[in-house]
S.K.: 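If you scroll down you'll find the structure; I have some questions about it.
Residue numbers start at 1 and run along the sequence shown. Keep in mind that what you see is a predicted model, and the values were worked out from it rather than measured. Atom set for the values below is all heavy atoms of this structure, side chains included, hydrogens, waters and symmetry mates excluded.
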Amino acid sequence: MTRPGGMRRILIGTLIGCVITGLLALGVWQLQRRTWKLDLIQRTEAMLRSLPVPAPPPSAWGRIGTDDVYRPVTVTGRYRRNADTFTQAATALGGGFWVLTPLDTGRFIVMVNRGFVPPDQRGKVPPPAGTITVRGLLRVTEPGGGFLRSNDPAADRWYSRDVAAIATSRGLSGVAPYFIDAAATPGTAWPRGGLTVVKFRNSHLVYALTWFGLAALLAGMTWFVARPNKRA
């Protein structure tokens, strides 16, 4: 018959074993995530060197995913006049705004981030008239807000490039679920395009080492407490 003290030690040992196993599993998962992230970075760098493709039409919107972020694209259409949206931006040029303008392709509308403007240029850079072709990078929508602040469509205050919310506030329909960061246009002072920062956070190795370290620490402490008493 197992004594109460022995049963308690078995239960505690089982619990500690489960915790250590869980920590090791988390470490392995982070290593797998690191492999995925490194592959994503490599594929993105290769994609940035590729030739631009037409912006995805409505038939392809449901298939847009991680692999399409930062894909070079082109789109032809006419900018909507007096429909600019200014979203807060922090860039290498300082603080200011991104200028998002709807571009009507005739089949659908796509929001184009024409570039950055400082505060004193807000509202002073109307889009070019006529039919134009925009070249840039495909970006996914940024719902909710940013800079620890929520978008306020009623007050026309925007802290992220939330395509759906902006389209609704402007009364637009048939809007693509992505936006395009326009490339730099030579000879154009403002808006300043081509400021996209292509960056992927990759701290998975640090996280993996943390989980493995905690597992080793817990195992060591358990051994120290449970080691046989070798006093003479």
S.K.: F108 and P58: which non-hydrogen atoms are nearest, and at how many Å?
M.R.: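 Closest heavy-atom pair between F108 and P58: CD2-CD, 3.6 Å.
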S.K.: Should the pair R170-D156 be classified as a salt bridge under the 4.0 Å nitrogen-to-oxygen rule?
M.R.: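 Here R170 pairs with D156 in a salt bridge, since their nearest N and O are under 4.0 Å apart.
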S.K.: Which pair of heavy atoms, one from P119 and one from G95, lies closest together, and at what distance?
M.R.: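 Minimum heavy-atom contact is CD-O, 3.4 Å.
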S.K.: Taking a hydrophobic cluster as the set of Ile, Leu, Val, Met, Phe, Trp and Tyr residues connected by side-chain heavy atoms closer than 4.5 Å, whether directly or through intermediates, do L103 and L138 fall within one such cluster?
M.R.: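 The answer is yes; both residues are in one hydrophobic cluster.
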S.K.: Do the side chains of V110 and V175 get nearer than 4.5 Å, heavy atoms only?
M.R.: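 They are not in contact (no side-chain heavy atoms under 4.5 Å apart), so the answer is no.
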S.K.: With a 4.5 Å cut-off on side-chain heavy atoms, are P118 and L93 touching?
M.R.: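 A side-chain contact is absent here, since even the closest heavy-atom pair is not under 4.5 Å.
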S.K.: Which residue pairs pass the ring-ring contact (aromatic ring centres under 6.0 Å, His included) test with at least one member in residues 76-97, sequence neighbours excluded?
M.R.: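 Residue pairs with at least one partner in residues 76-97: there are none.
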S.K.: When rounded to the nearest 0.5 angstrom, what is the spacing between CH2 in W190 and CD in Q121?
M.R.: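 So the CH2 of W190 and the CD of Q121 are separated by 7.0 Å.
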S.K.: For the OG1 atom of T87 and the CE atom of M111, what is their distance to the nearest 0.5 Å?
M.R.: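 So the OG1 of T87 and the CE of M111 are separated by 9.5 Å.
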S.K.: Out of curiosity, T168 OG1 to D162 CG, how far, rounded to the nearest 0.5 Å?
M.R.: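 It is 8.5 Å, given to the nearest 0.5 Å.
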S.K.: Less than 4.5 Å apart, side chain to side chain, heavy atoms only: is that true for W158 and I166?
M.R.: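 The answer is yes, as the side chains (C-beta and beyond) meet within the 4.5 Å cut-off.
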S.K.: Could you tell me whether the side chain of T74 and the main chain of P52 form a donor-acceptor pair under 3.5 Å?
M.R.: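 The answer is no, because no donor-acceptor pair under 3.5 Å joins these two groups.
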S.K.: Can you name the closest pair of heavy atoms from P126 and R81 and give their distance?
M.R.: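 Minimum heavy-atom separation between P126 and R81: CB-NH2, 4.0 Å.
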S.K.: Quick one: does T131's side chain get under 4.5 Å of T76's, heavy atoms only?
M.R.: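 T131 vs T76: side chains touch.
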S.K.: If you take all heavy atoms of A182 and V112, which pair is closest and at what distance?
M.R.: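 Heavy atoms of A182 and V112 come nearest at CB-CG1, 4.1 Å.
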S.K.: Could you tell me whether a side-chain N or O of N151 sits under 3.5 Å from a main-chain N or O of P153, the two making a donor and an acceptor?
M.R.: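 Not a single qualifying donor-acceptor pair exists.
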S.K.: Restricting to side-chain hydrogen bond (donor to acceptor under 3.5 Å, both in side chains), what partner residues turn up for D68, sequence neighbours left out?
M.R.: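 Residues passing side-chain hydrogen bond (donor to acceptor under 3.5 Å, both in side chains) with D68: R71.
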S.K.: Would you call R135 and D181 a salt bridge, taking side-chain N to carboxylate O under 4.0 Å as the test?
M.R.: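 Here R135 does not pair with D181 in a salt bridge, since their nearest N and O are not under 4.0 Å apart.
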S.K.: Could you grab the distance from atom CH2 of W211 to atom CG of L24, nearest 0.5 Å is fine?
M.R.: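 Rounded to the nearest 0.5 Å, the CH2-CG separation comes out at 11.5 Å.
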S.K.: Distance from Q30 atom CD to H204 atom NE2, nearest 0.5 Å?
M.R.: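 So the gap between those two atoms works out to 6.0 Å.
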S.K.: Test of understanding: clusters of I, L, V, M, F, W, Y form through side-chain heavy atoms closer than 4.5 Å, transitively. Do V117 and L100 belong to the same one?
M.R.: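 Yes; tracing contacts between hydrophobic side chains, which count when under 4.5 Å, links both residues.
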S.K.: Any side-chain heavy atom of Y178 sitting closer than 4.5 Å to one from T141?
M.R.: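 Counting from C-beta outward, Y178 and T141 never come under 4.5 Å.
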S.K.: Work out which heavy atom in T101 is nearest to a heavy atom in R114; give both atom names and the distance.
M.R.: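 Smallest heavy-atom distance, with atoms named: OG1-NE, 2.9 Å.
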S.K.: If you count the non-hydrogen atoms of other residues, nucleotides and ligands that lie under 6.0 Å from CG in N82, is the total more than 12?
M.R.: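 Not more than 12 within 6.0 Å, no.
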S.K.: Hey, could you give me the OG/CZ distance between S203 and R34, rounded to the nearest 0.5 Å?
M.R.: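 Interatomic distance, S203 OG to R34 CZ, rounded to 0.5 Å: 11.0 Å.
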S.K.: Please give me the minimum heavy-atom distance between L172 and P102, naming the atom from each residue.
M.R.: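 That closest heavy-atom pairing would be CD1-CB, 3.8 Å.
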S.K.: One pair to check against side-chain contact (heavy atoms from CB on, under 4.5 Å): R78 and I132. What are the steps and the verdict?
M.R.: CA-CA 6 Å; R78 300 172 67 94; I132 63 169; over 6 Å; no
S.K.: Using the rule that Ile, Leu, Val, Met, Phe, Trp and Tyr join whenever any side-chain heavy atoms are under 4.5 Å apart, tell me whether F212 and L217 fall into a single cluster.
M.R.: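 Looking at the clustering, L217 is in a separate group from F212.
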S.K.: What I'd like to find out is whether the side chain of R161 reaches to under 4.5 Å of the side chain of R139, using heavy atoms alone.
M.R.: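 R161 reaches R139 side chain to side chain.
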S.K.: May I ask you to test the L137-I180 pair for a side-chain heavy-atom distance under 4.5 Å?
M.R.: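 A side-chain contact is absent here, since even the closest heavy-atom pair is not under 4.5 Å.
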S.K.: Any link between I16 and L23 through a network of hydrophobic side chains (Ile, Leu, Val, Met, Phe, Trp, Tyr) touching at under 4.5 Å?
M.R.: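 Yes; L23 is reachable from I16 via cluster members.
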S.K.: Any side-chain heavy-atom pair from R157 and Q88 closer than 4.5 angstrom?
M.R.: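 R157 vs Q88: side chains apart.
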S.K.: Would W61 and I109 show up in the same hydrophobic cluster when neighbours are defined by side-chain heavy atoms closer than 4.5 Å?
M.R.: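 No; I109 is not reachable from W61 via cluster members.
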S.K.: Is it true that atom CZ of R122 has more than 12 heavy atoms of other residues, nucleotides or ligands lying nearer than 6.0 Å?
M.R.: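 Result for CZ/R122: enclosed.
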